[in-house]
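FYI, the numbering just counts along the sequence from 1. Below, each value reflects all heavy atoms present in this structure, side chains not excepted, and no hydrogens, waters or symmetry copies.
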Amino acid sequence: MKPILTHSLAVAIGVLVTLLLRPASDDNKVSSDETQKSERMKRAMSDSITSSSGKASRRQREAGLSEKISNADFEQWLASKKGNARSLAEAQAIAGLLSGKPELIRQALEADPENPHLLYIGSTLSSFSEEERLSLSERLFQKDPQNGLAAYVYAAQLLKSGDTKKGIEILNSSQDRLRMDSYNTQTQLLMDEAYIATGLSPSEAKIQSVMSSGVPYLADLQSLADSIKDMGNSLPPEEAADLRALSASMGMRLKDQSSSVTFMDHLIGLKLEEKTLAELPDDSPSPYTGMTVEQARQAIANEREEINNLTEQASLDVIMTTHPELVDRYFERVRLTGQLEASKWWYNETSGKK
């Protein structure tokens, strides 16, 4: 396996963050632009990576990988897991993600059908059919009842399937589910093992697994926010306001409560909040207690500006190419405290240093 092109990934992820930093001016524009921006983000990452390696497949681009990885790269690692059914199933799923082989993930789910981590992977995997994702998201919702993100993913799939009544019921229940767990850290730790098995050092594996992590639930949350907006247009004002409050809560929880929050998670959360406020008069009450719509929009703009300033001072490209002695510690902090806090730490550590 050739060395991973981490610099190219840093540049590509920087492009994604730049696109997400752009505020939405109105809800109609957001609705039409989000899909286009999502495609541009995929193409930007694809172009940056492909120009360096020339071998990235579509599924690998979705995962943020920079070169082709085959099943053979993981044979020895998978063999070491035999004898422990759960460990083997999780390793199969990770091998499936990294090699772009969804059939391995299906095998993993058959071997360990009660594992919430595997159910999450399957329910948010773009290469699975909508029927598969609906079934898996229902099972995830049942197996991880305290996970608000599981409720959002399931509600999104229900609304896409046309089951509006149950979708709203599940969405309403999300407020009682206290965690927002994307299983990101668990996935990254297993990716560490997989990358080490292909020949990377532990430090390189950690960096690669953090940088390769995508936001697989993005499409579901965008779909859910759009469905809430559409339903709100045809509901009585009080019911519409309740739905907007749930949508706003979804965005806030994504950026504030998710584990290992990246800039992309944070900015996607802000965009979901913006969808909630679109087309509402500035002086009307917002879904945020004690704030008008204008005040809420300004608060979102302030958060975006804070991230914008920090990404200029501590972009991934800069972090990867300066003060190399801090890179490993930076990515460890991303995993433990999220990218915003890790970047603040890096800036404080390096401020004034040549």
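When only modelled atom types and interatomic distance are considered, His266 and Glu303 share a side-chain donor-acceptor pair under 3.5 Å. Between Ser209 and Arg335, the side chains place a donor N or O and an acceptor N or O closer than 3.5 Å (distance only, hydrogens not considered). Lys166 and Tyr154 are linked by a side-chain donor-acceptor pair at a separation below 3.5 angstrom, with hydrogens and angles left out of the test. With no hydrogens or angles considered, a side-chain donor-acceptor pair links Gln175 and Ser249 at under 3.5 Å.
The line from CE of Met231 to CZ of Arg244 is 12.5 Å long, rounded to the nearest 0.5 Å. Distance OG1/Thr124 to CG/Leu149: 8.5 Å, rounded to 0.5 Å. The CD1 atom of Ile207 sits 10.5 Å away from the CG atom of Asp192 when rounded to the nearest 0.5 Å. To the nearest 0.5 Å, the span separating CG on Leu134 from CD on Gln157 amounts to 6.0 Å. Here the CG atom belonging to Asp181 is positioned 12.0 Å from the CD atom belonging to Gln146, to the nearest 0.5 angstrom.
Ion pairing between a basic and an acidic side chain is recognised when a charged N comes within 4.0 Å of a carboxylate O; Asp220 and Lys160 show such pairing. Contact check on Glu273 versus Arg304 returns no salt bridge, with no Lys/Arg side-chain nitrogen under 4.0 Å from an Asp/Glu carboxylate oxygen. Checked for salt-bridge contact, Arg333 and Glu341 miss the test: no charged N lies under 4.0 Å from a carboxylate O.
Only one option out of Leu98, Leu104, Leu97 pairs with Lys101 in a side chain to side chain contact (heavy atoms under 4.5 Å, CB included); it is Leu104.
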